[in-house]
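Here is the structure we will look at.
Atoms within each ligand, like the ligands themselves, are counted from 1 in listed order.
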Amino acid sequence: MKHTITLIPGDGIGPEVSSAVVKILETAGLDVEWESHLAGVLAVERHGTTLPAELLDSIRRNKVALKGPVTTPVGGGFTSVNVGLRKALDLFANLRPVWNIPSVPSRYEGVDLVIVRENTEDLYAGLEHEVVPGVVESLKIITEEASTRVAKFAFEYARKHGRKRVTAIHKANIMKMGDGLFLKTVKKVGLSYPDILCDDRIVDAVCMHLVMNPTQFDVLVLPNLYGDIVSDLCAGLVGGLGVVPGANLGVEIGVFEAVHGSAPDIAGKGLANPTALLLSALLMLRHIDEGPMADRIMAALGSVLAEDGIRTRDLGGSASTIEYTEAICRRLR
Ligand code: NAI
């Protein structure tokens, strides 16, 4: 089947890793037309906005996008393209499966957990104002509606993928109302899924437990800020940001992207590891019913890492982005 997919190459290492992934998907035989669009600072130069209407229209039409990282200036400047995209398209769930990739050095073995992060509210609602000079108020928004839909997403995901447990992460002992509402809502949704154990952990405690024994966890569902932090912690459990995929999902639309950023320190040097974006693309292939192709690419990737011993510098190897990509393509031909 022919697919039309929106492609956001991004900036920094984005164009390097996205062209690597496009090449691998096409070598695997994906019948695809890419609609490529700028976002972020590059889009501002050409379109005067970080999220051009053509880009949003393209994703709304195609329902699926592959996105490279986009730089967000710290402090001033424009607001995050990633946050803007999630809001504009109502991509309410951020999915990050975290598992050990064969032969990728990591501190733990047997990690296989899934982070489901609420993507639209909490402190990321962007509601901040200066009350008086020197005092800023940032509003943390938790709603029953957003908590319900992300909880349903987590339980449905667990059921579909044969997972047995959903753990709600919160700080309801301190934020009794906001996090209390999130926790209460997840528990309520959990009542409709008697086949799945629903429990909860306080966010600081779960960080310790993840570091001590990550294999005990299955699906974690978190409000936005904790989800952001805990998902990077989890990436660190299995080898770092270079090997963890992600997806932002709404009712109909899926935007698939790596967890890492635009890595300006290595951009343009041929050092970027495309694995995380490739793994995100494999999530995308499963989403568009191309599961067997995803399996084939995963096998090729595993062979390159484990048997060929070819890896990029961040994983202790010496291959350039292009050499690594070519090695995966060779395994697919
Ligand atoms: P980063 O993830 O870009 O880089 C952190 C470190 O990891 C750097 O040393 C970098 O060289 C390395 N690294 C990251 N990805 C790599 C890869 N694929 N291969 C090899 N090494 C890799 O995080 P940082 O520096 O905090 O953020 C840089 C920019 O990216 C910021 O403007 C940030 O806002 C943006 N960002 C964008 C994201 C997105 O578009 N989804 C997500 C996270 C950050």
Side-chain angles (χ1 to χ4, degrees), residues 6-21 24 37-44 50-51 55 59 65-89 91 94-96 101 104-106 115 117 119 124 126 224-225 227-236 238-249 254-281 283-284 301 305 310-325 328:
T6 305
L7 178 69
I8 307 169
D11 54 54
I13 59 167
E16 294 166 72
V17 290
S18 46
S19 65
V21 170
I24 293 165
H37 287 275
L38 298 175
V41 68
L42 298 177
V44 173
T50 55
L51 280 177
L55 162 62
I59 302 178
L66 183 64
K67 177 183 164 296
V70 175
T71 301
T72 303
V74 175
F78 53 78
T79 52
S80 162
V81 165
N82 305 308
V83 174
L85 201 57
R86 290 166 196 170
K87 274 194 191 157
L89 300 171
L91 305 172
N94 182 275
L95 179 73
R96 295 188 184 184
I101 309 297
V104 169
S106 81
I115 307 265
R117 163 186 167 194
N119 230 358
Y124 289 50
N224 209 339
L225 176 63
D228 196 4
I229 296 166
V230 172
S231 52
D232 274 20
L233 184 154
C234 288
V238 296
L241 295 174
V243 294
V244 176
N248 293 297
L249 299 158
V255 175
F256 296 81
E257 65 175 341
V259 172
H260 62 72
S262 56
D265 53 334
I266 57 165
K269 297 183 180 163
L271 298 174
N273 181 359
T275 306
L277 189 63
L278 179 60
L279 293 171
S280 310
L283 292 180
M284 179 185 81
L301 172 65
L305 290 168
I310 296 174
R311 57 192 65 207
T312 45
R313 207 179 60 169
D314 58 306
L315 296 184
S318 60
S320 67
T321 312
I322 290 176
E323 287 162 350
Y324 179 70
T325 306
I328 298 171

Which atoms of ligand 1 are found less than 4.0 Å from any heavy atom of [X]?
X: Asn82; value: 37 (C), 38 (C), 39 (C), 40 (O), 41 (N)
X: Glu257; value: 41 (N)
X: Leu241; value: 2 (O)
X: Thr71; value: 32 (O)
X: Ile13; value: 15 (N), 16 (C), 17 (C), 18 (N)

**Item:** Min N/O separation Val259 to ligand 1 under 3.5 Å
**Value:**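 The answer is no, given that Val259 and ligand 1 share no N or O pair closer than 3.5 Å.
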Check whether any heavy atom of [X] sits under 4.0 Å from an atom of ligand 1.
X: Thr275; result: no
X: Pro264; result: yes
X: Lys67; result: yes

**Asked** Taking the six-membered ring of Tyr124, is NZ or CZ of Arg86 closer than 6.0 Å to its centre and within 45° of its axis?
**Response**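 No, Arg86 and Tyr124 do not form such a contact.
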**Item:** Proximity to ligand 1 by part of Asn273, non-hydrogen separation under 4.0 Å
**Value:**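 It is both parts that get close, each with some atom under 4.0 Å.
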**Message:** Tell me whether Thr312 contacts the main-chain N or O of Leu271 through its side chain, where contact means a donor paired with an acceptor under 3.5 Å.
**Reply:**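 Absent.
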**Prompt:** Any donor and acceptor pair, going by atom type alone, linking the side chain of Asn94 with main-chain N or O of Arg117 inside 3.5 Å?
**Reply:**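 Side chain of Asn94 to backbone of Arg117, a donor-acceptor pair under 3.5 Å: no, none is there.
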Evaluating non-hydrogen atoms only, which member of [options] is closest to [atom]?
atom: atom 34 (O) of ligand 1; options: Ile8, Thr72, Asp228; answer: Thr72
atom: atom 29 (C) of ligand 1; options: Ala267, Ser262, Gly14, Gly242; answer: Ser262
atom: atom 12 (C) of ligand 1; options: Ala263, Ala276, Pro274; answer: Ala263

**Request:** Quick one: which residue pairs count as a side chain to side chain donor-acceptor pair (under 3.5 Å) with a foot in residues 9-21, not counting sequence neighbours?
**Result:**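 Residue pairs passing side chain to side chain donor-acceptor pair (under 3.5 Å), neighbours aside: Asp11-Thr71.
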**Item:** salt bridge (Lys or Arg N to Asp or Glu O under 4.0 Å) against Arg313, all qualifying residues, sequence neighbours excluded
**Value:**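 Residues passing salt bridge (Lys or Arg N to Asp or Glu O under 4.0 Å) with Arg313: none at all.
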What's the shortest heavy-atom distance between [X] and [Y], and which atoms?
X: Ala43; Y: Thr50; value: CB-O, 3.8 Å
X: Ala272; Y: Ile266; value: CA-CD1, 4.0 Å
X: Val243; Y: Leu279; value: O-CD1, 3.2 Å

